[in-house]
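Have a look at the structure that comes next, please.
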Amino acid sequence: SFTNHLKAIIKPLIKLRLEEAMKGNEVTKFQLNFYTDAFIFTIARWLLDPNLLPYDEFLEELKSCIYMTAAQTVKEFENT
């Protein structure tokens, strides 16, 4: 299926990014599955949307969401 094919492509990339972000800490199966599922669902929703955003706009929106979440997370960790 398309989902399985996409998962096979995207999962190793996500694992690599998570390992870089975790700086030596192990990436758990839960974490890897969580982020993989989030990206696959987001991509599938984008592809199925009748008002499909152009690719570059989709990526900018995705980056914006990721950066916003990361910035808030860093802010919360700095305050603990």
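Note that this is a predicted model, so its numbers are computed, not measured.
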Under the rule for side chain to side chain contact (heavy atoms under 4.5 Å, CB included), what residues qualify as partners of Glu19, not counting sequence neighbours?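 Side chain to side chain contact (heavy atoms under 4.5 Å, CB included) list for Glu19, sorted by chain: Lys15, Leu16, Val27.
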Decide if atom CD of Glu61 counts as having more than 12 heavy atoms of other residues, nucleotides or ligands within a radius under 6.0 Å.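 Counting neighbours around CD of Glu61, 12 or fewer heavy atoms of other residues, nucleotides or ligands fall under 6.0 Å, so no.
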Hphob cluster co-occupancy, Leu52 + Leu6, side-chain heavy atoms under 4.5 angstrom: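 Yes.
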Counting only heavy atoms not in Glu26 (residues, nucleotides, ligands), do more than 12 fall under 6.0 Å from its CD?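 Result for CD/Glu26: open.
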Measure the CD1-CD distance between Ile14 and Gln31 for me, rounded to the nearest 0.5 Å.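 The CD1 atom of Ile14 sits 12.5 Å away from the CD atom of Gln31.
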Grab the two heavy atoms, one from Asn51 and one from Asp49, that are nearest each other, plus how far apart they are.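 In this case the closest contact between Asn51 and Asp49 is N-OD1, 2.8 Å.
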Backbone of Glu60 reached by a side-chain donor or acceptor of Ser64 within 3.5 Å: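 Not a single qualifying donor-acceptor pair exists.
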Working to the nearest 0.5 angstrom, can you tell me the gap between Leu47 CG and Thr42 OG1?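 Between atom CG of Leu47 and atom OG1 of Thr42 there are 11.0 Å.
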ILVMFWY cluster, Tyr35 and Met22 together (side-chain gap under 4.5 Å):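 As far as the 4.5 Å side-chain criterion goes, Met22 and Tyr35 are connected within one cluster.
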I'd like to know if Ile40 and Leu53 are part of one continuous hydrophobic network [Ile/Leu/Val/Met/Phe/Trp/Tyr, side-chain heavy atoms within less than 4.5 Å].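 Hydrophobic grouping puts Leu53 with Ile40.
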Is the closest side-chain heavy-atom distance between Phe39 and Leu62 below 4.5 Å?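 Yes, side chains in contact.
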Thr36 to Lys11 - nearest heavy-atom pair and separation: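 For Thr36 versus Lys11, the nearest heavy atoms are OG1-CG, 3.6 Å.
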If the condition is ring-ring contact (aromatic ring centres under 6.0 Å, His included), which residues does Phe58 pass it with, not counting sequence neighbours?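 Scan of Phe58 (ring-ring contact (aromatic ring centres under 6.0 Å, His included), adjacent residues dropped) gives Trp46.
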Atom of Ile43, atom of Ile10 and distance for their closest heavy-atom approach: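 Answer, listing the atom of Ile43 first, then Ile10: CD1-CD1, 4.1 Å.
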